[in-house]
Amino acid sequence: MTAGESWGDPQTEAAGGGSVVRRILLGSQLRRLRESRGITRERAGYSIRASESKISRMELGRVSFKARDVEDLLTLYGVSADAERGPLLSLAKEANVAGWWHSYTDVLPGWFQTYVGLEGAASLIRVYEVQFVHGLLQTEAYAHAVVSRGGASRADVERRVALRLERQKVLVSERAPHFHVVLDEAALRRPYGDREVMRGQLQHLIEMSERPNITLQVMPFSFGGHAGESGSFTMLSFPESDLSDVVFLEQLTSALYVDKRDEVAQYAKVMEELRTDSPGPSETRDLLRGLLQLS
């Protein structure tokens with residue numbers, strides 16, 4: 001979602017996305033240390049003058065870290081050697097780097113900020129979308145039509161569209177992830193904007209699908225019932241070996257982040273079935289060209 005004409009500093013963008021990953025990595029390490037010492041969240045919270053829920057949010061990587069809090073927790077957990085403390089304290093410092101999306105917090109819900117950071121740090125993004133074209137593949141005109149339906153002010157609409165366009169830069173960056181998206185045909189048949197908006201969107205999908213890091217497939221109506229019966233979802237995979245895959249499920253006013261191995265495996269199975277059952281990229285482009293001729 002952004003409108004900037006310049007590309008910005010790729011190192012800054014990478015650091016911003018990486019900061020979310022570092023928060024999650026640091027949180028998981030603090031949780032392992034706490035559990036290995038048999039210390040409750042309540043006791044840990046007391047040691048840093050915070051609540052049990054604050055410790056929970058820290059361990060999930062949902063909040064920023066104060067150096068003093070991390071130092072006090074490491075002391076409580078018996079981590080005293082500089083060789084052990086140093087890397088964790090450095091990780092805490094790196095985890096607090098503000099992402100590029102920080103300037104969009106006026107229109108970016110708190111629960112979505114985590115997703116934007118994870119999206120920017122992922123090496124593989126797998127998506128199944130039903131309602132509309134996925135945000136990373138929307139044209140500016142199509143995005144404007146989608147966002148405008150929410151009843152926001154004109155200024156907020158422009159800001160949200162700008163944010164969406166900024167997110168799209170990840171697909172053409174030096175560290176671009178592989179992006180594999182399966183769109184339900186309903187997303188292409190449902191009009192947002194006028195005829196020209198939809199024609200422009202279809203043409204954009206054809207062009208983007210030819211990029212080497214993008215795999216686009218369409219699940220056609222003609223297939224009938226299929227594995228994606230539970231609705232849209234996004235799977236994010238990361239180059240860091242310590243970070244497990246995350247499934248993102250967006251809701252009306254919040255989101256779910258699923259990272260339990262057995263649950264993620266079920267979504268991976270659905271994604272694989274959708275990939276297998278949908279026409280391949282070449283056939284999908286033919287389908288898109290056919291819709292373009294009909295529009």
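The figures that follow rest on heavy atoms only: side chains count, while hydrogens, waters and symmetry mates do not.
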With rounding to the nearest 0.5 Å, note down the distance linking [atom1] in [X] to [atom2] in [Y].
{"X": "Ser148", "Y": "Asp156", "atom1": "OG", "atom2": "CG", "result": "11.0 Å"}
{"X": "Arg41", "Y": "Ser53", "atom1": "CZ", "atom2": "OG", "result": "10.5 Å"}
{"X": "Leu76", "Y": "Arg43", "atom1": "CG", "atom2": "CZ", "result": "5.0 Å"}
{"X": "Glu263", "Y": "Asp245", "atom1": "CD", "atom2": "CG", "result": "13.5 Å"}
{"X": "Phe223", "Y": "Asp277", "atom1": "CZ", "atom2": "CG", "result": "3.5 Å"}
{"X": "Met219", "Y": "Arg275", "atom1": "CE", "atom2": "CZ", "result": "11.5 Å"}

*Please test Gln217 against His180 for side chain to side chain donor-acceptor pair (under 3.5 Å), starting from the C-alpha separation and ending with a verdict.*
CA-CA 8 Å; Gln217 294 177 265; His180 185 180; 2.8 Å; yes

Taking [Y]'s backbone N and O only, do any of them form a donor-acceptor pair with [X]'s side chain (distance below 3.5 Å, no angle check)?
{"X": "Thr114", "Y": "Trp111", "result": "no"}
{"X": "Asp194", "Y": "Val197", "result": "yes"}
{"X": "Asn213", "Y": "Leu171", "result": "yes"}
{"X": "Asn96", "Y": "Phe65", "result": "yes"}
{"X": "Ser173", "Y": "Val170", "result": "yes"}
{"X": "Arg62", "Y": "Arg57", "result": "no"}

So [Y] and [X], do their side chains get closer than 4.5 Å, heavy atoms only?
{"X": "Leu26", "Y": "Glu94", "result": "no"}
{"X": "Asp69", "Y": "Lys54", "result": "yes"}
{"X": "Ile55", "Y": "Leu73", "result": "yes"}
{"X": "Arg126", "Y": "Ser237", "result": "yes"}
{"X": "Leu30", "Y": "Leu74", "result": "yes"}
{"X": "Leu33", "Y": "Leu88", "result": "yes"}
{"X": "Arg34", "Y": "Arg31", "result": "yes"}
{"X": "Tyr192", "Y": "Gln201", "result": "no"}

*When the ring centroid of Tyr257 is compared with that of Phe248, is the distance short of 6.0 Å?*
yes

_Exactly one of Glu250, His134, Gln131, Glu129 should register a side chain to side chain donor-acceptor pair (under 3.5 Å) with Ser232. Which one does?_
Glu129

_Criterion side chain to side chain contact (heavy atoms under 4.5 Å, CB included) against Lys269, the qualifying member of Gln266, Glu273, Glu272_ =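 With Lys269 as partner, Gln266, Glu273, Glu272 yield a single side chain to side chain contact (heavy atoms under 4.5 Å, CB included), made by Glu273.
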
_Of Leu274, Val181, Leu136, the residue whose pairing with Val127 passes side chain to side chain contact (heavy atoms under 4.5 Å, CB included)_ =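 Single pass found, and it is Val181.
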
Under a single-linkage definition using a 4.5 Å side-chain heavy-atom cutoff for Ile, Leu, Val, Met, Phe, Trp and Tyr, are [X] and [Y] assigned to the same hydrophobic cluster?
{"X": "Leu25", "Y": "Val264", "value": "no"}
{"X": "Tyr77", "Y": "Leu91", "value": "yes"}
{"X": "Tyr128", "Y": "Tyr267", "value": "yes"}
{"X": "Ile125", "Y": "Leu243", "value": "yes"}
{"X": "Leu124", "Y": "Phe238", "value": "no"}

Using residues 280-292 as the side-chain source, report each donor-acceptor pair under 3.5 Å to any protein atom, sequence neighbours left out, with the distance given to one decimal.
{"from": "Glu283", "atom 1": "OE1", "to": "Gly280", "atom 2": "N", "distance (Å)": "3.3"}
{"from": "Thr284", "atom 1": "OG1", "to": "Val218", "atom 2": "N", "distance (Å)": "3.2"}
{"from": "Thr284", "atom 1": "OG1", "to": "Pro279", "atom 2": "O", "distance (Å)": "3.3"}
{"from": "Thr284", "atom 1": "OG1", "to": "Gly280", "atom 2": "O", "distance (Å)": "3.0"}
{"from": "Arg285", "atom 1": "NH1", "to": "Ser209", "atom 2": "O", "distance (Å)": "3.1"}
{"from": "Arg285", "atom 1": "NH1", "to": "Ser209", "atom 2": "OG", "distance (Å)": "3.2"}
{"from": "Asp286", "atom 1": "OD1", "to": "Arg289", "atom 2": "NH1", "distance (Å)": "3.1"}

*Distance only, no hydrogens: is a donor on one side chain within 3.5 Å (strictly under) of an acceptor on the other, for Arg85 and Thr75?*
yes

Which heavy atom of [X] sits nearest a heavy atom of [Y], and at what distance?
{"X": "Val270", "Y": "Ala227", "value": "CG1-O, 3.4 Å"}
{"X": "Val161", "Y": "Glu140", "value": "CG1-CG, 3.9 Å"}
{"X": "Val130", "Y": "Arg190", "value": "O-NH1, 3.7 Å"}
{"X": "Ala44", "Y": "Ser47", "value": "O-OG, 2.6 Å"}
{"X": "Ser123", "Y": "Pro239", "value": "OG-N, 3.6 Å"}
{"X": "Gly193", "Y": "Ala145", "value": "N-CB, 3.5 Å"}

*State which residues pass side-chain contact (heavy atoms from CB on, under 4.5 Å) with Thr105; sequence neighbours excluded, sorted by chain then number.*
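side-chain contact (heavy atoms from CB on, under 4.5 Å) list for Thr105, sorted by chain: His102, Gln113.
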
*Under the side chain to side chain contact (heavy atoms under 4.5 Å, CB included) rule, what do Glu240 and Val21 come out as? Steps first, then yes or no, please.*
CA-CA 9 Å; Glu240 292 82 4; Val21 169; 3.8 Å; yes

*asked:* side chain to side chain contact (heavy atoms under 4.5 Å, CB included) for Phe132 and Leu183? Distances and angles first, verdict last.
replied: CA-CA 8 Å; Phe132 35 61; Leu183 295 178; over 6 Å; no

_Working note: Ser28 + Arg32, criterion side chain to side chain contact (heavy atoms under 4.5 Å, CB included); need CA distance, chi angles, decisive distance, verdict._
CA-CA 6 Å; Ser28 65; Arg32 284 197 292 269; 4.0 Å; yes

*Checking side chain to side chain contact (heavy atoms under 4.5 Å, CB included) for the pair Thr139/Gln203: CA distance, chi angles, key distance, verdict?*
CA-CA 10 Å; Thr139 65; Gln203 184 61 49; over 6 Å; no

*Residues, nucleotides or ligands: over 12 heavy atoms within 6.0 Å of Gln251 CD*: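 Count over threshold, so yes.
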
*Around Arg49, counting heavy atoms of other residues, nucleotides and ligands shown, do more than 12 lie under 6.0 Å from its CZ?*
yes

*Apply side chain to side chain donor-acceptor pair (under 3.5 Å) to the pair Tyr142 and Gln138, showing each step before the final yes or no.*
CA-CA 6 Å; Tyr142 182 94; Gln138 292 179 7; 5.4 Å; no

*Once the angle between the rings of Phe112 and Tyr115 is folded into 0 to 90°, is it parallel (under 30°), tilted (30 to 60°) or perpendicular (over 60°)?*
parallel

